[in-house]
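Throughout, protein chains are lettered first and strands after them, A, B, ... in sequence-line order, and every chain is numbered starting at 1. Keep in mind that this is a model prediction, so the values were computed, not measured.
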Amino acid sequence: MSETIVMGPAEVRRALTRIAHEIVERNGGCEGLLFVGMRTRGAPLAQRLAREIAAFEGAQVPIGALDISLYRDDIHHLRAQPVVQSTDIPVDVADRPVVLVDDVLYTGRSARAALDAIMDLGRPRSIQLAVLVDRGHRELPIRADYVGRNIPTARPQAVQVRLLEVDGRDEVALITPGEEQP
Amino acid sequence: MTASRGLQQRGAAGTSASVAEAKRPPETPGVTWRRKHILDLDDFTAEEVELVLQTAAAMAQVLRRGIPRVPTLRGRTIVTLFYEASTRTRVAFELAAKALSADVVSVAAQTSSASKGESLVDTARTLRAMGADVIVMRHPSAGAPYLLAEQQEASVINAGDGWHAHPSQALLDLYTLRQHLADLQGRKVVIVGDILHSRVARSNVWGLTHAGAHVVLCGPPTLVPSDLGPGAGDPLGLPPVEVEPVLDRALEAADVVMALRLQRERQQAGLLTGIADYIKHYQVTASRLARAKPGVLFMHPGPMNEGIEVAPEVARGPHSMVEEQVSNGVAVRMALLYLIAGTQPRAPS
């Protein structure tokens, strides 16, 4: 197994700053916006985006955290259930532009689950998707509106986003399985 | 969706990358749930209890929504098979299954082929053959759910077996307590009543002890197993508890009082000198409750005999958690159904 660091702390920071600006630009400001981070690592990313926007726009975008465990489509395939975390969304999603935030976009199945989870809470005006990394290999017709970095990958590879809040450091690693080199 | 899960899943036959994608590491390091059946709490670890309570809290959030329904168990079939009367337990399991979008079939033994003499195991095998993924069973004989768990493929949840166990009740009691007392470590919990015949007491002794509570059992000597207590030979396999036959003494500085339903048929069995005697010595009244800590919590698994084991002013008073217990029952059962769902082979279709 070999690991390559494809984004370091500065690159993560710059990508988030750019996404924050893109969100404000695309939405013509941040009126009514709601950021919803998908647990686990989408939640701190949503907070960081909101902090960026607070810094350059002076406005506080409300932040929620979403757990999608109850909406997954693979319950029959797993050997153990994932731990259900709380879903904490401080405002009503109805009629708001909602930005879903996650660390990696891969098959699109988690994003699909998140869309259903949000819709069950109300009828947002729109839902946009922001991800730090898009690694390709979609299995559903889903795309991200904001992407920090496109990283071409092979399926057996893994992309691991590590964040200060969860993992103690900011970086994105590309992991390639294989025999240990002697 | 970091695909490191892709790596972990590689070796597993039949898993796809999409499966790997959604498998997120838990935010809090927890245990991996491996239990297919919920039969009693005696062999639960503290971590497993914690996982149930944590999952139940997330389920309670779902129940507070305008439309309390999530698609999690779509296509699963849950059968409630009750050989004894029940309102709250059966309804709570059914509501829990429905909130998770499972299909629910309710079988009352009185109206089923059990009344024609079909054996328990045959009934369960029939239900499994018709697609039951989970059988929630109440039965008058202790151990019946264990037999089912061994003899057929569906998951079994014990919803009360004889005098033996009622694990989901004990878990919802723990959940209710945890909403009021952050930590049960060292808390004094008095269980008063017919301990001998109470599956609720037995499962609660396990649950509370796992949580670190100091459990005191109180009741007429004929209704409290004589061989309990510190240093006892532990013949029932229960963890050590304190036994205090005098309620006033038991209640001193108690954090929680749990009264059990007095089953009147016990009087016929000659185990009670009379209901009036029982009321005199063991009814939980407001004046007795004053001996406990000021914020004492009163609990009862239901159905309550107001005026017998509990005075009406306590049953509906400010200390009473009884209604909370009932509403928490749905969330806790959702948690159990969710957790065991990951361990089941699908029913034949």
query = Which pair of heavy atoms, one from A/Leu70 and one from B/Pro71, lies closest together, and at what distance?
reply = O-CD, 3.7 Å
request  = Starting from the C-alpha separation in whole Å, work towards a yes-or-no answer on side-chain contact (heavy atoms from CB on, under 4.5 Å) for B/Gln61 and A/Asp88.
outcome  = CA-CA 9 Å; B/Gln61 276 194 329; A/Asp88 304 299; 3.3 Å; yes
inquiry  = Is there a side-chain contact between A/Pro82 and B/Tyr338 in this structure, where contact means two heavy atoms from C-beta onward sitting under 4.5 Å apart?
reply    = yes
Full working for side-chain contact (heavy atoms from CB on, under 4.5 Å) between B/Val70 and A/Tyr71 = CA-CA 7 Å; B/Val70 286; A/Tyr71 289 86; 3.3 Å; yes
Nearest-0.5 Å distance that lies between atom CD in B/Gln54 and atom OG in A/Ser86 = 9.0 Å
note = Rounding to 0.5 Å, atoms CZ (B/Arg65) and CG (A/Asp120) come to a distance of 5.5 Å
ask   = If contact means a heavy atom pair closer than 4.5 Å, which residues of residues 8-17 of chain A contact chain B?
value = none
Neighbour count above 12 (heavy atom, 6.0 Å) for A/Arg18 CZ = yes
query = Between A/Val172, A/Val133, A/Val84, which residue shows the highest count of heavy-atom pairs closer than 4.5 Å to chain B?
reply = A/Val84
